[in-house]
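Each remark here refers to the structure printed beneath this line.
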2 protein chains.
Amino acid sequence: MNLIHYLKGKKKAVDGFLGNYVSSPRKRKDCPVHLRKAIGYSLMAGGKRIRPVLSIASYEAAGGKSNNIIPVASSIELIHTYSLIHDDLPAMDNDDFRRNKPTAHKVFGEAAAILAGDALLADAFHIISSVSMDPAKLICVIHELANACGPEGMVGGQAADIMLEGKKAKKKDILYIHTHKTGALIRASVRIGAIMADSGPDTLASLTEYGEKTGLAFQIIDDILNITGTKAEMGKSTGSDVARGKNTYPSIFGLRKSEKIAEKLIDESIEALKDFDKKADPLREIARYILARRN
Amino acid sequence: MNLIHYLKGKKKAVDGFLGNYVSSPRKRKDCPVHLRKAIGYSLMAGGKRIRPVLSIASYEAAGGKSNNIIPVASSIELIHTYSLIHDDLPAMDNDDFRRNKPTAHKVFGEAAAILAGDALLADAFHIISSVSMDPAKLICVIHELANACGPEGMVGGQAADIMLEGKKAKKKDILYIHTHKTGALIRASVRIGAIMADSGPDTLASLTEYGEKTGLAFQIIDDILNITGTKAEMGKSTGSDVARGKNTYPSIFGLRKSEKIAEKLIDESIEALKDFDKKADPLREIARYILARRN
């Protein structure tokens, strides 16, 4: 299979859905224009859509065939975008650039950035609850997503990350931060694909293991790229973790060992798919891509 | 009926649910302690729980009898609390006091306050999706709630409110702000009760009218009390709307006319319940209470 081609096709489907969402008549009619612009600016800033693509790839690996996966997978990108907007705020990571563009609060002001994040979080659930399909399955999806982005998921990880800034964290703290701040939503993306495809418990367990391991590897590589990457490659300030006293895998294990840990996780995530046929090839290739990526 | 007794009983049921939520083993195990404290501090600060009570009263007026309404109604208080935390932030209304206590960001810092708000928003949907009942009905509830708190609902109203601060707003802008910032969630509270009770279209339409009118009246009275109330009564700074150049009903219509408008809305909201039996008496009494309240 051709991964570049695959990623491009799925990104196009997701971007199409998100473009319609941003410019929907409902939003044009009943959402203040400044807020609508802040939402659109952040959501359409050119992300890789890796979480929706993982969700779609997991869905296909588990035998799913319906187009209902597109709105559901796209809603995960709303959650991811909201988290970036809030994480970039001055009170949080205070980042001025994201994807080579000024961050939302630099362009629209802090109030609009906070509200755009809030709006995207609420709208993710609005989108999922608008899909015409088996409501029991939708409730499972909502439960999974709310859990992953709540205080025992992504928000918990972000809170721990900020509170431990400048302090020497223990290995278990770093693992908590990474598995929650980034890992939980990636794990949920993969699981939501599996749930949408009516996976049985064995399939769901294998895909969950894949999601957990690629999710953790993703954040470790992110930590590494924050040291070794350039601003042009990353589209945001690099070296900022060290400057800020962030606890990262390289800060605890060193660069070389962190790379080894990420490699092992990716090997294991591919191994978790051993009983899947070639429909899981995109998942296998995405795992390799996560390890090799440079931005 | 005795309204004080009724309000006290329902508040107790909601507080019981919220207390269990705040101290749940899951939260104790997997949520950073600082974040958990910020969530608990804000949620258990002694609110009147008027939105959950309205939802329960609407449910009972429409003939509902199950205890499933308690978690669903309580989840609306999570949304309300999140909105207060974010609204109080320095970048938004910059309020230092709420319910006679320092606001969340004054006690826990801005980052924890933003994250506590985010956590409550996500957890509202987690709670609803955890209730064991007809999933089709739960999806309707989630759809209603996500719509009410999103960019075409509460967040839209808050955005318009902030963006028009210090500017002379038109009557239609004030109406937008009030029906969205406060009205949308009160309307949804009442509608969610009706949906939970399997209301037919006529019952839902009547309760929707009740919710819209009491919701708007609630915010007009809030505006009036911001001028005429004392800090001790209100538990927060009063006179702040004028100082901040907020657009309110009194700023456009004057105090006396605003009172008249609120009175008329309350009369009409009670009139909307004319075909309901005495099970709707709590809704009627709550409407009168909203008009007469002093905090």
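These values consider heavy atoms only, across backbone and side chains, with no hydrogens, waters or symmetry-generated copies. All of these numbers come straight from a predicted model, not from anything done at the bench.
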Revision key, fill the gap. Looking only at B:Ile162, B:Ile114, B:Ile128, B:Leu145, most heavy-atom pairs under 4.5 Å shared with chain A are made by B:Ile114

Review point. Relative to chain A, which segment of B:Leu115 carries a heavy atom at a distance below 4.5 Å: side chain, backbone, both, or neither?
Key: both

Check your understanding: Going by atom types alone, do B:Arg191 and B:Thr208 pair a side-chain donor with an acceptor below 3.5 Å?
Key -> yes

Practice item. In plain terms, say whether A:Asp93 and A:Arg98 are close enough for a salt bridge, that is, a side-chain N and a carboxylate O under 4.0 Å apart. Key: no

Review point. Taking 4.0 angstrom as the limit, do A:Lys106 and A:Asp88 come out as a salt bridge?
Key: no

Point to revise | Leading residue by heavy atom contact count with chain B [cutoff under 4.5 Å; candidates A:Glu144, A:His143, A:Glu110, A:Gln158] | key: A:His143

Practice item. To the nearest 0.5 angstrom, please state how far the CG atom of A:Leu121 sits from the CG atom of B:Leu121. Key: 4.0 Å

**Study point:** chain A contacts, top residue of B:Ala122, B:Pro151, B:Pro32 (heavy-atom pairs, under 4.5 Å)
**Key:** B:Pro151

Exercise for review: Report yes or no: do A:Arg26 and B:Asn147 form a side-chain donor-acceptor pair below 3.5 Å?
Suggested key: yes

Practice item. Please flag which part of A:Leu89 lies under 4.5 Å from any non-hydrogen atom of chain B: side chain, backbone, both or neither. Key: side chain

**Study point:** B:Leu216 side, atom CG; B:Leu175 side, atom CG - distance, nearest 0.5 Å
**Key:** 6.0 Å

**Study point:** Identified side chain to side chain donor-acceptor pair (under 3.5 Å) partner of A:His178 from the options A:Asp223, A:Asp222, A:Asn247, A:Asp161
**Key:** A:Asp223

Exercise for review: Considering only heavy atoms and a distance below 4.5 Å, find which of B:Ser129, B:Ala136, B:Ala146 pairs most often with chain A.
Suggested key: B:Ser129

Check your understanding: Non-hydrogen atoms of chain B under 4.5 Å away: do they reach the side chain of A:His180, the backbone, both or neither?
Key -> side chain

Point to revise | Interchain contact, A:Leu138 with chain B, by part (heavy-atom threshold 4.5 Å) | key: both

Review point. Relative to chain B, which of A:Ser130, A:Ala112, A:Ala113 shows the most heavy atom pairs under 4.5 Å?
Key: A:Ser130

Practice item. May I ask you to name which of B:Arg36, B:His126, B:Met92 has the most heavy-atom pairs under 4.5 Å with chain A? Key: B:His126

Revision key, fill the gap. Most contact-rich option vs chain B, by heavy-atom pairs under 4.5 angstrom, among A:Gly117, A:Gly157, A:Gly150, A:Ala159, is A:Ala159

Study note, to complete from the structure: Cut-off 4.5 Å, heavy atoms of chain B, and the answer for A:His86 is side chain

Check your understanding: How long is the gap from CG on A:Leu78 to CZ on A:Arg51, to the nearest 0.5 Å?
Key -> 13.0 Å

Point to revise | Toward chain B, the part of A:Leu120 with a non-hydrogen atom under 4.5 Å | key: neither

Point to revise | Straight-line distance of B:Asn226 CG to B:Arg244 CZ, nearest 0.5 Å | key: 8.0 Å

Review point. Between A:Ala91, A:Ala116, A:Cys140, which residue shows the highest count of heavy-atom pairs closer than 4.5 Å to chain B?
Key: A:Ala91

